[in-house]
Amino acid sequence: MTRSTQHWLMKSEPDAFSIDDLKRKGQEAWDGVRNYQARNFMRDGMRVGDKIFFYHSNCEQPGIVGIAEVATDAYPDPSQFDPKSKYFDAASSRDNPRWMLVEVKFIKKLKRTISLRELQGDPALVEMPLVRKGNRLSVMPVASNEWRHILTLE
DNA sequence: GCCAACGTTGGC
DNA sequence: GCCAACGTTGGC
């Protein structure tokens with residue numbers, strides 16, 4: 001089955017892992033997602049080659065800072081099996097892993113941060129889960145018209 | 001640091 | 001299956 005490329009937005013706290021970290025490393029396993037909806041998007045929705053807005057959350061200027069790409073299919077997040085990891089999940093097993101991740105590849109940094117404030121005030125983006133109050137989802141789809149619109153803001 | 005919003009857990 | 005308690009997210 002084929003389908004057109006989908007687009008996504010993934011949040012990361014820059015203190016933990018920033019766009020500059022991704023640029024330096026080139027590719028990174030997106031571990032630590034412990035929300036079922038976010039997991040389902042990675043496991044069931046993402047395909048290699050899908051484009052991603054890299055978003056900085058919980059920081060001085062929250063917003064979109066770069067573009068990345070899905071680099072692998074989803075596979076079990078190893079941190080769930082590691083008792084020393086803060087993402088350890090005793091209820092998960094290797095036979096029946098609960099949490100999945102994809103690896104994400106750096107494409108580019110935007111010339112500037114497209115701030116959350118700016119996105120919130122944009123009439124073209126009112127449907128985005130990102131700008132809805134109280135939304136805490138860290139992995140979410142972006143409609144292709146929204147994707148194109150946001151690119152024009154850079 | 002505060003706190004609203006939301007998801008998860010667990011007693012019943 | 002309800003729902004109170006609790007923990008987390010993330011903007012401000």
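Hydrogens, waters and symmetry mates are skipped; everything else that's a heavy atom, side chains included, is used.
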Checklist entry - Can you list the steps and then say if A:D50 with A:R47 is a salt bridge (Lys or Arg N to Asp or Glu O under 4.0 Å)? => result CA-CA 6 Å; A:D50 283 0; A:R47 296 293 180 275; over 6 Å; no
Under 3.5 Å donor-acceptor pairs involving side-chain atoms of residues 132-142 of chain A, not counting sequence neighbours:
unit_1	atom_1	unit_2	atom_2	d
A:R132	NH1	A:E127	O	3.4
A:N135	ND2	A:P129	O	3.3

Checklist entry - Taking protein heavy atoms under 4.0 Å as touching, what does nucleotides 4-12 of chain C look like 5' to 3' if B marks base contact, S marks sugar-phosphate-only contact and - marks none? => result ---BBBBBS
Checklist entry - Between atom CG of A:D77 and atom OG of A:S92, what is the distance when rounded to the nearest 0.5 Å? => result 9.0 Å
Checklist entry - Where each residue is assigned the nucleotide of DNA chain B containing its nearest heavy atom, which of A:R98 and A:K133 is assigned the position nearer the 5′ end? => result A:K133
Next on the checklist: Under 4.5 Å between side-chain heavy atoms, counting indirect links through other Ile/Leu/Val/Met/Phe/Trp/Tyr residues: same cluster for A:F41 and A:Y75 or not?
Outcome noted: no
Identify every side-chain donor-acceptor pair in residues 144-154 of chain A under 3.5 Å, counting partners at least two apart or on other chains, and give the distances.
unit_1	atom_1	unit_2	atom_2	d
A:E146	OE1	A:A143	N	3.1
A:H149	NE2	A:D122	OD1	3.2
A:H149	NE2	A:D122	OD2	2.6
A:T152	OG1	A:H149	O	2.5
A:E154	OE2	A:K111	N	2.8

